[in-house]
Amino acid sequence: DKKKRGQTAAATGIDGFEIQKYADGDLCRSLDQGKLYQAKVVKAGEDDQYFIHYQGWNKKWDKWVHASLMMAEGPEAEKYAKKLADAEKKREEAKVKARAG
């Protein structure tokens, strides 16, 4: 479909999900090493950077993350986290099967 003059595409992050803006205290999910972890925005920075705390993890793992690696907490994030976990499980099962030959 054709874009109207002056219309721009929304920036996208994880698997094409639209990049969102977050505020301090917002709950979110952050993609790290192929998994989507529950997190909380501690501080919003510049250029779509957010300092996040991974829920249930020691604060030594807190870090700056770009919004393209984040999703708002909710049903869509839960569904996507399950999709990633299922894909990881299938990869692991394939490795075990390949070793068993």
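In this text, all values refer to a predicted model and were calculated from it rather than measured experimentally.
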*Asks:* Do E92 and K89 sit within salt-bridge range, that is, some charged N less than 4.0 Å from a carboxylate O?
*Replies:* no

*Asks:* Between L31 and M71, is any pair of side-chain heavy atoms under 4.5 Å apart?
*Replies:* no

*Asks:* Where the side chain of Y54 meets the backbone of D62, is there a donor-acceptor pair that is under 3.5 Å apart?
*Replies:* no

*Asks:* Between Y80 and L36, is any pair of side-chain heavy atoms under 4.5 Å apart?
*Replies:* yes

*Asks:* Nearest 0.5 Å, what's the CG-CZ distance between L84 and R29?
*Replies:* 10.0 Å

*Asks:* To the closest 0.5 Å, what do you measure between CD (Q55) and SG (C28)?
*Replies:* 8.0 Å

*Asks:* Decide yes or no for E93 and V96: does some side-chain heavy atom of the first lie under 4.5 Å from some side-chain heavy atom of the second?
*Replies:* no

*Asks:* Keeping the roles fixed (side chain from D86, backbone from K83), state whether a donor-acceptor pair exists under 3.5 Å.
*Replies:* no

*Asks:* Got a donor-acceptor contact below 3.5 angstrom from the Y50 side chain to the Y22 backbone?
*Replies:* yes

*Asks:* Any chance you could measure Q38, atom CD, to I52, atom CD1, to the nearest 0.5 Å?
*Replies:* 12.0 Å

*Asks:* Between the side chains of K35 and E88, is the shortest nitrogen-to-carboxylate-oxygen separation below 4.0 Å, so that they form an ion pair?
*Replies:* no

*Asks:* Which heavy-atom pair separates A77 from A72 by the least distance, and what is that distance?
*Replies:* CB-O, 3.3 Å

*Asks:* Please answer whether the main-chain N or O of Y37 pairs with a side-chain N or O of D32 as donor and acceptor at a distance below 3.5 Å.
*Replies:* no

*Asks:* Give the intermediate values and the outcome of side chain to side chain contact (heavy atoms under 4.5 Å, CB included) for residues M70 and I19.
*Replies:* CA-CA 8 Å; M70 297 169 63; I19 291 177; over 6 Å; no

*Asks:* Are there over 12 heavy-atom neighbours, none belonging to W61, within less than 6.0 Å of that residue's CH2?
*Replies:* no

*Asks:* With a 3.5 Å distance limit and no angle check, can you tell me whether D47 reaches the backbone of Q49 through a side-chain donor-acceptor pair?
*Replies:* no

*Asks:* Transitively linked via ILVMFWY side-chain contacts under 4.5 Å: F17 with V41?
*Replies:* yes

*Asks:* Between atom CG of D24 and atom NZ of K40, what is the distance when rounded to the nearest 0.5 Å?
*Replies:* 10.0 Å

